[in-house]
Amino acid sequence: MNNVYKLLITVIITTTFGFSQTTYVPDDNFEQALIDLGYDDTLDDYVLTANISGVTSLDVSEKEISDLTGIEGFTALTTLNCDNNELTSLDLTSNSNLTYLYCRENQLVNLDVDNISTLDQLHCHDNQLTSIDLTSNVALTFLTCQNNQLTTLDLSSNTALTLLYCGNNQLTSLNVNSN
């Protein structure tokens, strides 16, 4: 009888903790987009981490999303398109495999892409960014950041940069000495 109880407890613990790790997704529009894409099935602020951790490309553009909390669960993500939403802040520091980022036409005042050395293309134009730190994005070849409120732009670490669109900002300093 003692072995039966041990087995039952092991099964309960494994089922409860081993197979049900979830990622918190508080924005209903973001979670609904994940449901529409087949990564989730219930609008309950959570998605199974196993369903999203291997996803390499995600397009959640034009979904009226204001918060991408939960994007950190997409650990294999290489391409993210979150254009035309209502985002004011975007932290992608946990998405270290990101290569292409499209976050155009939001209301971003904060964009954190620090430590993403694989980032090749960044399209962040038509936002409200006043600054952006791209010093760790050494693979960056393509940057569109026009129509923001940038006052400085230091691209000295981005030696691979071949295309830059940065018009309609408030730039008083632009460092492209290494490009």
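When a residue number appears, it is its place in the shown sequence, counting from 1. The shown structure was predicted, so the numbers you read here are calculated from the model rather than taken from an experiment.
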Rounded distance (nearest 0.5 Å) linking atom [atom1] of [X] with atom [atom2] of [Y]:
| X | Y | atom1 | atom2 | value |
| --- | --- | --- | --- | --- |
| Leu58 | Asn81 | CG | CG | 8.5 Å |
| Glu64 | Glu62 | CD | CD | 10.0 Å |
| Thr162 | Asn179 | OG1 | CG | 9.5 Å |
| Thr93 | Leu98 | OG1 | CG | 11.0 Å |
| Lys63 | Glu86 | NZ | CD | 13.5 Å |
| Gln121 | Thr79 | CD | OG1 | 9.0 Å |

Compute whether any side-chain donor of one residue and acceptor of the other, for [X] and [Y], lie under 3.5 angstrom apart.
| X | Y | value |
| --- | --- | --- |
| Ser66 | Asp27 | yes |
| Thr49 | Thr23 | yes |
| Asn97 | Thr118 | no |
| Asn127 | Asn106 | no |
| Ser61 | Asp59 | yes |

Please tell me whether [X] and [Y] are part of a single hydrophobic cluster in this structure, the criterion being side-chain heavy atoms less than 4.5 Å apart.
| X | Y | value |
| --- | --- | --- |
| Tyr100 | Leu111 | no |
| Leu171 | Leu129 | yes |
| Leu140 | Leu174 | yes |
| Ile35 | Ile52 | no |

With heavy-atom distances below 4.5 Å as the criterion, would you say the side chains of [X] and [Y] are in contact?
| X | Y | value |
| --- | --- | --- |
| Val55 | Leu37 | no |
| Ile116 | Asn137 | yes |
| Leu161 | Leu143 | yes |
| Asn95 | Phe74 | yes |
| Glu31 | Asp40 | yes |
| Ser173 | Leu153 | no |
| Thr75 | Ser53 | yes |
| Leu134 | Val113 | yes |

Heavy atoms only: give me the nearest [X]-[Y] pair and the separation to one decimal.
| X | Y | result |
| --- | --- | --- |
| Ala33 | Val60 | CB-CG1, 3.9 Å |
| Cys103 | Leu90 | CB-CD2, 4.0 Å |
| Thr69 | Asp67 | OG1-OD1, 2.6 Å |
| Pro26 | Asp45 | O-OD1, 3.6 Å |
| Ala139 | Asp120 | O-OD1, 3.5 Å |
| Leu163 | Phe142 | CD2-CE1, 2.5 Å |

Taking the six-membered ring for Trp, are His123 and Tyr102 parallel (under 30°), tilted (30 to 60°) or perpendicular (over 60°)?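 Judged by the thresholds at 30° and 60°, the geometry between His123 and Tyr102 is parallel.
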Practice prompt. Would you sort out whether Ser178 and Asn158 count as a side-chain contact (heavy atoms from CB on, under 4.5 Å), showing the intermediate values?
Written response: CA-CA 7 Å; Ser178 301; Asn158 310 101; over 6 Å; no
Report task. Report, as yes or no, whether the 6.0 Å neighbourhood of atom CD on Gln128 holds more than 12 heavy atoms from other residues, nucleotides or ligands. Result -> yes
In Leu122, Asn148, Thr152, the residue satisfying side chain to side chain contact (heavy atoms under 4.5 Å, CB included) with Ile132 is Leu122
Worked check of side-chain contact (heavy atoms from CB on, under 4.5 Å) between Thr88 and Leu108 = CA-CA 4 Å; Thr88 57; Leu108 290 173; 5.7 Å; no
Going through the distances and angles, do Leu92 and Ile71 end up as a side-chain contact (heavy atoms from CB on, under 4.5 Å)? CA-CA 7 Å; Leu92 298 168; Ile71 198 69; 3.9 Å; yes
| Ionic contact status for Arg104 with Asp126, cut-off 4.0 Å | no
message = For Ser89, is there any backbone N or O sitting under 3.5 Å from a side-chain donor or acceptor partner on Asn110?
response =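 Between the backbone of Ser89 and the side chain of Asn110 there is no qualifying donor-acceptor contact (under 3.5 Å).
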Begin with the C-alpha distance, continue with both residues' side-chain angles, and end with the deciding distance and a verdict on side-chain contact (heavy atoms from CB on, under 4.5 Å) for Leu34 and Gln32. CA-CA 5 Å; Leu34 298 179; Gln32 185 60 54; over 6 Å; no
